[in-house]
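Below is one structure, written out as structure tokens; the observations come after it.
All residue numbers in this chain count up from 1 along the given sequence.
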Amino acid sequence: MFLSRTLFRTLYRLISVALLSSALPLSSALAADAVTVYAAGDIADCRDTSAANSDALRTAKLLQPLLQQDPQARVLTLGDNTYPVGAPSEFRDCYQPTWGQFKSRTHPSPGNHDYYTAQGAGYYDYFGELAGPQKRGYYRVQIGSWQVFSLNSNLKGVEQKDQIAWLKQELAANPARCTLAYWHHPVFSSGGHGNSSRMQAVWDTLAAANADLVLVGHDHDYERFAPQDPEGKLDPARGIAQFVVGTGGSGLSPFGMRRANSEKGQNEVHGVLKLVLKDDGYDWQFLAVDATRFQDKGSAACH
């Protein structure tokens, strides 16, 4: 009887250890599914006379150790990658020495200044295949379990209709619990440029597909909006959260009248948005080049 109890206890310990050991890789695998991305727009300004110590260089120095520590992390650019006109020389002289060091891990999007050079030649020649097929400026990428769309807010007419038709098709063909889209011109903004209607139809399309998150630039500030429906009304259940992150390096600009559902914002310090994309939600944190001047962080679940 004593022997059978001892044997039972021994077997119990072995089974418990085996179960615990088998659970550890699963837990690790679930944790590994989370992917970190860093995002900002309005980056390398060749008009900055202190190019050797520019604000784009400061944000790049902020990113450099973070990306070295995490080989899986990605970089998203939210348009206006260079100033003033997106010329090839600007990408060579101002972007490459700063954010260019992360080029192979970057998923870019174009801004209006990138198009001040005819047909965005500087942008498309620099990023090549990273900018998507056929120099159209929009594409889809899978980041962890997230469906992610880089879109082009500079398109008009037939080209914009084609982009929306493509987006609808991709959303239908690639269903995911969590969806992120990013481009340059914000649908909602308290910054100097204000709201832009040029991507309203895109927002409508994303909302119909229960997308979760939109990142934009254009206004040179940081602003976080609560989840909103296409009309800009608060919608915690199905609305899209939007972050304006025009703080990549070009000079910061003033706010106008604060828009409805704007939860936090600043135009005093450059920085980047850190997003940890998880299976069922995301964590956000604004990383300022001077963390003592501004902080913002939180978490949200996907729809």
Could you walk me through whether L213 and F243 satisfy the side-chain contact (heavy atoms from CB on, under 4.5 Å) test, starting with their C-alpha distance in whole Å, then the side-chain angles of each, then the deciding distance to 0.1 Å, before giving a yes or no? CA-CA 8 Å; L213 188 57; F243 290 77; 3.5 Å; yes
Do the side chains of K278 and D283 get close enough for a salt bridge, i.e. N-O under 4.0 angstrom? yes
Side-chain donor or acceptor of H303 paired with backbone N/O of N210 under 3.5 Å: yes
Taking the side chain from R140 and the backbone from Q147, do they hold a donor-acceptor pair closer than 3.5 Å? no
Donor-acceptor pair, side chain of N261 and main chain of F225, under 3.5 angstrom: no
Evaluation steps, side-chain contact (heavy atoms from CB on, under 4.5 Å), between V216 and L78: CA-CA 6 Å; V216 289; L78 311 180; 5.8 Å; no
Disulfide (SG to SG under 2.5 Å) partners of residues 233-303, not counting sequence neighbours, each pair once: C178-C302
Where the side chain of Q266 meets the backbone of E268, is there a donor-acceptor pair that is under 3.5 Å apart? yes
Ring center gap for F294 and Y222 short of 6.0 angstrom: yes
Taking the six-membered ring of F127 as reference, does the cationic atom of K135 (NZ for Lys, CZ for Arg) lie under 6.0 Å from its centre and within 45° of its axis? no
Do the numbers put R177 on top of the ring of W146, so that NZ or CZ is under 6.0 Å from the six-membered ring centre and no more than 45° off the axis? no
S262 side chain to R259 main-chain N or O, any donor-acceptor pair under 3.5 Å? no
